[in-house]
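To start, the structure itself, in structure tokens.
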Amino acid sequence: MKLIIANWKMYLSIGESVALAKKFLDKLQKSKNEVVICPSFVALQTVYEVIKKNGIYLGAQDCGWGDEGAFTGEVSSKDLKQLGCKYVIIGHSERRHLMNESEELVNKKMITAMKSGLKPILCVGETAEERREGEAAKVVKRQLKSAFAGLPINSKPDIVLAYEPVWAIGTGIAAKPEDALTMHKIIREFVLKLVPKGSKLRILYGGSVTSKNTAEFLKEKEIDGFLVGGASARMDFVEIANH
Ligand code: PGA
């Protein structure tokens, strides 16, 4: 079973989100894969009403790093959990790069999310320049090390990571499956040293995934699924999720 996550970013209005979730239902409720939809904060509740009894899970695209208090504009992970979220995306490259989210902040969000009982989907990935300079693995390891510092990890954590090269997100240029695979192996080896033995670790690929390139990635056993942006806000997602 693969884990296939739709990251709807800020693509859809509340009405469009509910309409698309309804269209997905028939086609996804019997999927052999675990399917998760991450709508915008304001659409979480209404989308959840549509999917909750149909075997599709809800995720948020981000969460605040504080538990509660004076954090204007933030949304707590406790509330997200209460709304029905199972997962939360943390450290997405658009947040790291467009909103200047630091590695320290990503770590704080990981801690709060885990304390609230949400499963973080931690995103890591290098920029085009970092790859050109041969720094990709070093950057990804640094992001992982910092994100995992001081986590309230129980004895059997279920960890989801998404390798999303920044240069592949929203560009139409996906990583080559063999390059993704190389990085997945590096990530797996590195993270297994940071978490207790027997931890469940799933590593997804993200960055310009469409129904056209799904099969070549899934040939690689090490790729446990996808985090899909643009194509997830269209019916294309059904084909990706049912692969
Ligand atoms: P993309 O985005 O599929 O549009 O490239 C992936 C992501 O940002 O998670």
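Whatever order the structure lists them in is the order used to number ligands and atoms, beginning at 1.
- The hydrophobic cluster containing Val166, built from Ile/Leu/Val/Met/Phe/Trp/Tyr side-chain heavy atoms closer than 4.5 Å, comprises no other residue.
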Mind listing the N or O contacts between ligand 1 and protein, cut-off under 3.5 Å?
from, atom 1, to, atom 2, distance (Å)
ligand 1, 2 (O), Lys9, NZ, 3.2
ligand 1, 3 (O), Gly229, N, 2.9
ligand 1, 4 (O), Gly230, N, 2.8
ligand 1, 5 (O), Gly170, N, 2.6
ligand 1, 5 (O), Ser208, N, 2.7
ligand 1, 8 (O), Lys9, NZ, 2.7
ligand 1, 8 (O), His92, NE2, 2.6
ligand 1, 9 (O), His92, NE2, 3.2
ligand 1, 9 (O), Glu164, OE1, 3.2
ligand 1, 9 (O), Glu164, OE2, 2.7

Tell me which donor-acceptor pairs under 3.5 Å the side chains of residues 215-227 have, and how far apart each pair is, sequence neighbours excluded?
from, atom 1, to, atom 2, distance (Å)
Glu222, OE1, Arg188, NE, 3.3
Asp224, OD2, Arg188, NH2, 2.9
Asp224, OD2, Ile203, N, 2.8

Point to revise | Asn242 and Ser31: CA distance, side-chain angles, deciding distance, side-chain hydrogen bond (donor to acceptor under 3.5 Å, both in side chains) verdict | key: CA-CA 6 Å; Asn242 282 336; Ser31 176; 3.2 Å; yes
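- By the ring pair (Phe, Tyr, Trp, His ring centres under 6.0 Å) test, Tyr11 is found to be paired with no residue, residues two or more places apart in sequence or in another chain being considered.
- The six-membered or imidazole ring of Tyr57 lies away from that of Tyr87, with a centre-to-centre distance of 6.0 Å or more.
- When each of Lys109, His92, Arg96 is tested with Glu101 by the rule side-chain hydrogen bond (donor to acceptor under 3.5 Å, both in side chains), just one qualifies, namely Lys109.
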